Amino acid sequence: MGAKRTDFIATVIINLIVAAVVGILIFLLAYILIAGLPHVSWSFLTGTTDAFSGAGGIGVQLFNSFYLLVLTMLISIPISLGAGIYLAEYAKDNWRTSLIRSAIEVLSSLPSVVVGLFGFLLFVVKFKIGFSVISGAIALTFFNLPLLTRNIEESLSAVPRNQREAGLSLGLSKWKTEIGIILPVALPGIVTGIVLSAGRVFGEAAALIYTAGQSAPVTNFADWNPMDAASPLNPFRPAETLAVHIWKVNTEGLASNASQLSAAASAVLIIAVLLFNLGARVLGNFLYRRVTASK
Amino acid sequence: MLKQYSFEKTAVQTFAGNVSLAMRTENLQVFYGANHAMHDADLGFPKNQITALIGASGSGKSTYLRSLNRMNDGIATVTGKIWYHDVDINEPNVNIYEIRRHIGMVFQRPNPFAKSIRENIVYALKANGIKGKAELEERVETSLKGAALWDEVKDSLDKSALALSGGQQQRLCIARSIAMEPDVLLLDEPCSALDPISTVKVEETLLQLQKKYSIIIVTHNMQQAARVSSQCAFFHLGHVMEYTPTATMFSNPQIPATQDYISGSFG
Amino acid sequence: MLKQYSFEKTAVQTFAGNVSLAMRTENLQVFYGANHAMHDADLGFPKNQITALIGASGSGKSTYLRSLNRMNDGIATVTGKIWYHDVDINEPNVNIYEIRRHIGMVFQRPNPFAKSIRENIVYALKANGIKGKAELEERVETSLKGAALWDEVKDSLDKSALALSGGQQQRLCIARSIAMEPDVLLLDEPCSALDPISTVKVEETLLQLQKKYSIIIVTHNMQQAARVSSQCAFFHLGHVMEYTPTATMFSNPQIPATQDYISGSFG
Amino acid sequence: GKATSSSSSKGSSSEALSGKVTAVGSTALQPLAAKAGANFTAKNSKVTLTVQGGGSGTGLSQVQAGAVSIGDSDIFAEEKDGIKADKLTDHKVAVVGMAPVVNKDAGIKNLKMAQLKQIFTGKITNWKEVGGKDQKIVIINRAQGSGTRATFENAVLKGTDAVKSQEQDSNGAVQKIVGSTPGAVSYLAFSYFTNKLQAVSIDGVTPTDNNVETNKWKIWSYEHMYTKGTPDKATTAFLKYMDSKDVQDSLVKDMGYISIHDMKVAKDAKGTVTQN
Amino acid sequence: MEQTNFQLKKQDAQSHEWDVRLHRATRATREDWLGRGISYLCIGVIILVVASMLWFITSKGIATFTQNHVSLWKFLSGTNWAPDQGNIGALPMIVGSFAVTFAAAIVATPFAVGTAIFMTEISPNKGRKVLQPVIELLVGIPSVVYGFIGLAVVVPFMRHLVGGSGFGIISATFVLFVMVLPTITTMTVDSLRAVPRHYKEASLALGATRWQTVSRVILRSATPGILTAVIFGMARAFGEALAVQMVIGNAAIMPKNLISPASTLTSQLTTGIGDTIDGTLPNNALWSLALILLLMSLFFNALVRFIAKRGQLKNGR
Ligand SMILES: Nc1ncnc2c1ncn2[C@@H]1O[C@H](COP(=O)(O)OP(=O)(O)OP(=O)(O)O)[C@@H](O)[C@H]1O
Ligand SMILES: Nc1ncnc2c1ncn2[C@@H]1O[C@H](COP(=O)(O)OP(=O)(O)OP(=O)(O)O)[C@@H](O)[C@H]1O
Ligand SMILES: [Mg+2]
Ligand SMILES: [Mg+2]
């Protein structure tokens with residue numbers, strides 16, 4: 001049977017390809033974890049970095065990464081939700097919409113260096129905000145927006161039309177229909193999208209080097225008033241993230257154990273992304289069940 | 001190829017002066033871009049009766065029905081007048097949300113929200129400002145009873161509506177519509193996705209509901225039209241060919257097109 | 001709530017020795033995980049006749065039908081025997097591709113490929129090694145004629161199949177199946193998405209096709225079963241309750257469940 | 001520019017100093033500035049001091065634009081086109097010595113200045129031509145415009161153009177690549193020497209701090225902190241602190257730089273060396 | 001109100017009441033205005049961001065030509081890149097960028113498509129539960145990490161395998177291959193899943209084998225989606241900076257082969273930007289590189305759009 005044999009061969013080839021891909025993935029993860037994990041300790045996770053050698057812990061950087069991520073998401077989720085709804089619901093199918101879509105996609109494919117430099121010249125220099133969490137968050141928002149917007153639009157459009165008709169035929173406004181009926185159904189897809197973009201944001205360095213800065217001033221973790229200069233929550237302080245830290249240790253680090261430090265930091269970063277992914281997945285499912293009352 | 005029937009020869013009743021009408025259309029025309037999908041429909045729908053719209057696929061039944069509560073807004077261009085309580089609701093400045101509250105709609109494929117059974121009914125009520133817990137509870141019960149679903153679901157109001165069978169889902173959609181206490185209920189082939197048993201249930205429900213509502217139903221199933229409707233409109237290629245009491249249409253169709261369609265030798 | 005009928009009391013004809021059968025199942029059981037969706041089905045399908053499978057939604061008709069050409073592989077666990085030309089085709093080592101060539105299938109929703117009309121038919125033929133241009137052309141024509149579609153599409157064979165009407169699409173799917181020159185044709189509610197006119201066309205097509213093929217059709221529509229089938233099997237909750245000549249079933253059903261279903265007072 | 005030479009013993013802060021100081025620029029100076037800054041703010045808790053990298057070009061641009069209080073640079077402002085040096089005040093805070101480095105396998109410990117020039121201009125392409133192994137020379141340059149490269153080329157190439165080759169934008173990358181690539185040669189600040197690299201002597205002079213202090217070793221440069229106009233109190237205090245013994249005698253040396261105070265010679269923007 | 005021959009029983013007061021009721025604004029109307037306002041505002045913000053970014057890069061990028069009077073042709077065709085000496089020929093970087101981008105796409109596509117087929121058709125369960133999370137995790141690995149693994153593993157490997165210094169287009173290709181693999185794979189999976197299930201069933205029911213079904217029905221109807229995925233991967237590769245810079249060798253010379261150092265637009269941009277002075281030729285020249293990057297993303301976009309249109313034509317009526 002020719003067809004059957006072809007089928008068999010094709011299946012074998014695909015399995016080989018997958019094996020190769022999985023092999024690469026496992027190698028990468030193993031490489032990072034094996035090189036890094038032995039150097040990870042509690043004091044490494046919570047300690048502060050020695051500013052001159054780059055040695056020491058990464059507590060502040062870890063916090064900065066999460067803080068920046070949260071701030072970025074706080075800014076970008078509402079905007080992309082609004083924009084996604086606009087595209088899914090209000091945008092007519094004409095040249096203007098297609099221009100808007102192109103604009104969004106161009107933004108998403110801009111190299112992050114360029115975004116970073118733009119953020120630098122605009123926020124840091126022009127608006128004199130300086131190297132700060134907020135500058136970094138806005139720069140990250142720039143390239144988070146297109147990803148999230150596209151994802152939200154797609155998730156919303158994937159909800160069957162008859163759900164929309166159901167809402168509209170009851171006299172609900174378009175907005176109410178979209179927010180109360182379509183959005184909950186689209187939620188798992190949206191959460192997955194947020195996870196994916198969160199991963200990218202978490203690992204981004206190029207855009208942050210010039211915006212959030214490369215220094216992690218020691219902060220006072222007992223002071224949670226965002227207005228205080230020493231507070232970790234102060235959005236106007238410079239904030240080196242984990243990814244930037246890895247970059248810096250690798251490029252300028254003077255410590256004799258620089259490579260171990262960066263390996264350890266990389267391992268922590270990967271694990272953080274992993275935990276974050278898992279958490280968001282669980283949350284997505286939970287929300288979905290809550291909202292749709294299924295099971 | 002389809003037989004050619006003259007669109008000049010039609011038989012459309014006008015209820016001159018003796019029946020109270022829930023809605024009426026005058027010169028209703030619908031265009032999908034350049035596609036002229038509905039020509040000059042002049043139909044009146046008596047209060048508290050069931051009117052059936054029949055005709056072959058693509059004849060414009062759904063198009064016409066969806067125009068009645070402005071569900072074609074943004075999809076098609078609808079011209080002509082739609083009278084409802086002496087107001088032409090086809091004017092741009094009417095409040096379409098208000099119209100749809102008064103003119104409910106149920107679709108071909110059951111489309112309950114992905115929420116609990118109770119939430120399905122309560123959601124639109126809340127959105128319209130009805131807050132009282134007691135009132136909401138009461139509306140849930142009366143509407144589910146009205147749609148003949150109460151007994152089957154009263155113990156599982158918090159279960160997902162998606163777990164119901166197709167027929168139950170469709171009755172839930174009817175319940176959801178009537179919870180808004182509309183005047184008119186539009187149904188677009190509500191039984192075509194259902195098995196015969198569910199179909200019978202829905203039909204019984206409709207016969208009950210006509211005491212309170214005026215009902216317009218699109219159906220492919222001529223037996224169904226015969227069973228439930230008081231009058232029947234036959235659509236063909238975007239034209240209303242005949243509009244007569246159901247008994248008349250099935251026993252004594254007035255024009256050749258209807259005769260052929262009823263006897264199944266059409267097309 | 002559904003009435004309870006005893007699964008002990010069934011009436012299933014066996015064609016003992018006097019009819020030539022195209023296929024036959026023996027103790028066929030189907031499990032979706034833990035869900036036992038089909039119990040012990042023992043049915044034989046006479047050659048060159050149309051057999052209808054009827055029953056309420058969820059009774060297992062599709063499940064049974066899809067098992068016959070192993071479309072449930074990987075979805076459900078099917079046990080028991082399926083005899084086809086004295087071979088048990090439910091064994092793991094049979095070539096399922098070969099089986100499906102001989103036992104064609106048409107689905108509820110018309111599912112033409114997003115290709116031209118011609119390509120839709122030619123696709124599977126090419127995949128099975130038929131290369132000659134002349135032969136392909138000829139098969140296209142005969143199969144489209146067989147499905148009573150030729151006259152309507154002969155001038156537009158290179159147009160996208162998606163541009164056809166629902167009824168035409170469904171007949172194209174039938175044509176696509178019979179182009180493979182199968183023995184048996186399985187149809188799962190082929191008309192449920194179609195209007196009455198298209199339905200009549202498809203039914204006429206089936207009545208023609210039974211001269212060459214053995215046909216098994218699932219339908220919700222009892223009139224349809226009555227119009228086209230020679231014998232009829234009634235499914236209920238995963239059990240075959242009655243399997244008798246169609247005339248018998250509709251005039252003189254043997255067991256209470258069937259009686260109730262036929263009369264519409266079921267459930 | 002004028003060099004500040006007064007040295008006060010302690011950062012004596014009678015009244016509480018406050019304000020915001022931002023120093024941006026040279027990545028080579030960043031570690032020192034950051035560490036000194038941390039010590040400084042420890043004593044003056046009301047001062048917010050931020051140190052960022054970004055490159056010498058960035059530092060000079062930003063201080064010229066008035067966007068930051070201090071622009072860190074590896075090179076004289078005069079050397080950069082587009083910078084109006086006369087509007088800026090130079091504060092030299094340290095000296096950095098640089099030396100050619102080669103991969104250990106090349107078998108090279110000493111080179112003549114002329115050979116070095118020929119290597120970087122592409123005239124010599126194999127280590128065996130200068131007494132090493134038969135191995136192709138792989139040149140790793142710093143990016144055009146980088147201070148380290150400018151210093152190296154001023155001292156070694158003296159106006160001729162370097163051959164086009166790999167460019168890396170940081171000491172760390174150069175360090176890694178030279179360490180791991182057979183036949184690689186580049187140049188690094190003394191503080192980046194590791195045991196994976198071979199630092200090369202030139203004409204028998206070894207790259208040590210002492211040789212830099214007397215200008216026997218020619219490849220070195222200042223680390224500058226530039227200010228514009230009259231700096232505010234906090235900035236002035238910080239610059240003063242940078243020049244203090246505290247910093248110059250311990251911190252600077254600990255971190256592999258050479259103290260300004262130890263220099264026996266001075267160099268100006270044109271490269272003219274004068275005895276102190 | 002128009003008089004008709006139709007006799008609705010009307011009382012003027014009542015009819016007036018309905019007239020008011022059906023015309024006045026209600027909560028739903030207000031909600032809709034609010035919603036419209038919010039979503040227009042949001043899209044407005046995005047447009048503003050894009051517009052200012054475009055304006056910014058363009059105005060800086062064309063300064064090379066308007067202020068420094070470099071000829072555009074020289075910029076695009078020159079092969080000598082030494083901005084400090086006033087030579088700005090960007091061709092080596094342009095060629096380098098295209099070379100690594102295409103090479104990475106060519107290598108990654110079969111792997112991505114194969115993996116996607118596995119995830120959707122061969123073992124959907126494992127695909128969803130194992131491969132998908134792992135692939136999504138890969139997206140989160142920062143480019144610096146990729147860069148340093150590249151430096152530590154890929155460069156020495158290539159050095160031993162093909163000789164030379166190990167730096168060059170081939171190493172960059174390999175690193176980019178791993179980096180764009182998740183992008184292309186996830187998007188391909190999406191487009192394979194979007195192929196209606198009934199196409200697959202139809203094909204299987206006709207006796208086609210799995211491979212026949214995949215190659216002739218599923219892949220065919222997912223082609224526009226897959227092409228889009230590849231282009232997105234290419235866009236990502238084109239814009240990637242840190243990782244490429246570490247392994248490509250970053251030498252602004254015309255690439256003669258795959259194994260000698262070359263450079264890309266992004267690698268020059270990141271390497272040089274910190275050491276140049278705002279407003280001078282070297283700085284402007286770098287922004288001109290950024291402008292090319294921007295124009296390329298516009299181009300990739302137009303390409304995606306074009307493919308999507310073609311796809312619709314092919315699949316639709
Ligand atoms: N959204 C749309 N855009 C463009 N044309 C449409 C649209 N909906 C329907 N049409 C066209 O309008 C005509 C009438 O369609 P309509 O759906 O009203 O028919 P119908 O009588 O409801 O048929 P069916 O019984 O199949 O539901 C058809 O020619 C159809 O192709
Ligand atoms: N893919 C599946 N996975 C799990 N359970 C299934 C699946 N398909 C069908 N079932 C279950 O098997 C039972 C029989 O379903 P089947 O689709 O065969 O019914 P049917 O008689 O064809 O109904 P209908 O008339 O609605 O098509 C039902 O309980 C159904 O929930
Ligand atoms: Mg319709
Ligand atoms: Mg079924």
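Since this is a predicted model, take the numbers as computed values, not measurements. Note on naming: letters A, B, ... go to the chains in the order of the sequence lines (proteins, then strands), and numbering restarts at 1 for each one.
Nearest heavy-atom pair, K115(B) versus G180(A), reported as atom, atom and distance to 0.1 Å: NZ-O, 2.7 Å. Nearest approach of P112(B) to Q163(A), heavy atoms of both residues: O-NE2, 2.6 Å. Taking each heavy atom of F113(B) and A166(A) in turn, the nearest pair found is CE2-CB, 3.7 Å.
With a threshold of 4.5 angstrom between heavy atoms, P182(B) does not approach chain A through any atom at all. For chain A, the nearby parts of A124(B) are the backbone and the side chain; heavy atoms of each come within less than 4.5 Å. Only the side chain of R161(A) comes within contact range of chain B, with at least one heavy atom under 4.5 Å from a heavy atom of that chain. With a threshold of 4.5 angstrom between heavy atoms, N95(B) does not approach chain A through any atom at all. Of the two parts of R176(B), the backbone and the side chain both hold a non-hydrogen atom closer than 4.5 Å to a non-hydrogen atom of chain A.
Other residues, nucleotides and ligands place more than 12 heavy atoms under 6.0 Å from the CG atom of N94(A). Within a 6.0 Å sphere centred on NZ of K154(B), other residues, nucleotides and ligands contribute more than 12 heavy atoms. Surrounding CZ of F8(A) are at most 12 heavy atoms belonging to other residues, nucleotides or ligands under 6.0 Å away.
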Between R100(B) and L168(A), is the side-chain contact (heavy atoms from CB on, under 4.5 Å) condition met? List the steps.
CA-CA 8 Å; R100(B) 293 177 188 151; L168(A) 291 179; 3.8 Å; yes
Check the pair I181(A), Y123(B) against side-chain contact (heavy atoms from CB on, under 4.5 Å), reporting the backbone distance first and the verdict last.
CA-CA 9 Å; I181(A) 293 165; Y123(B) 187 77; 3.8 Å; yes
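The shortest side-chain heavy-atom distance between M105(B) and E165(A) does not fall under the 4.5 Å cut-off.
Taking OG of S169(A) as the reference point, atom CZ of R66(B) lies at 9.5 Å (rounded to 0.5 Å). From L172(A), atom CG reaches atom CG of N128(B) across 7.0 Å, with rounding to the nearest 0.5 Å.
Here the side chain of N111(B) pairs a donor or acceptor atom with the backbone of N162(A) at under 3.5 angstrom.
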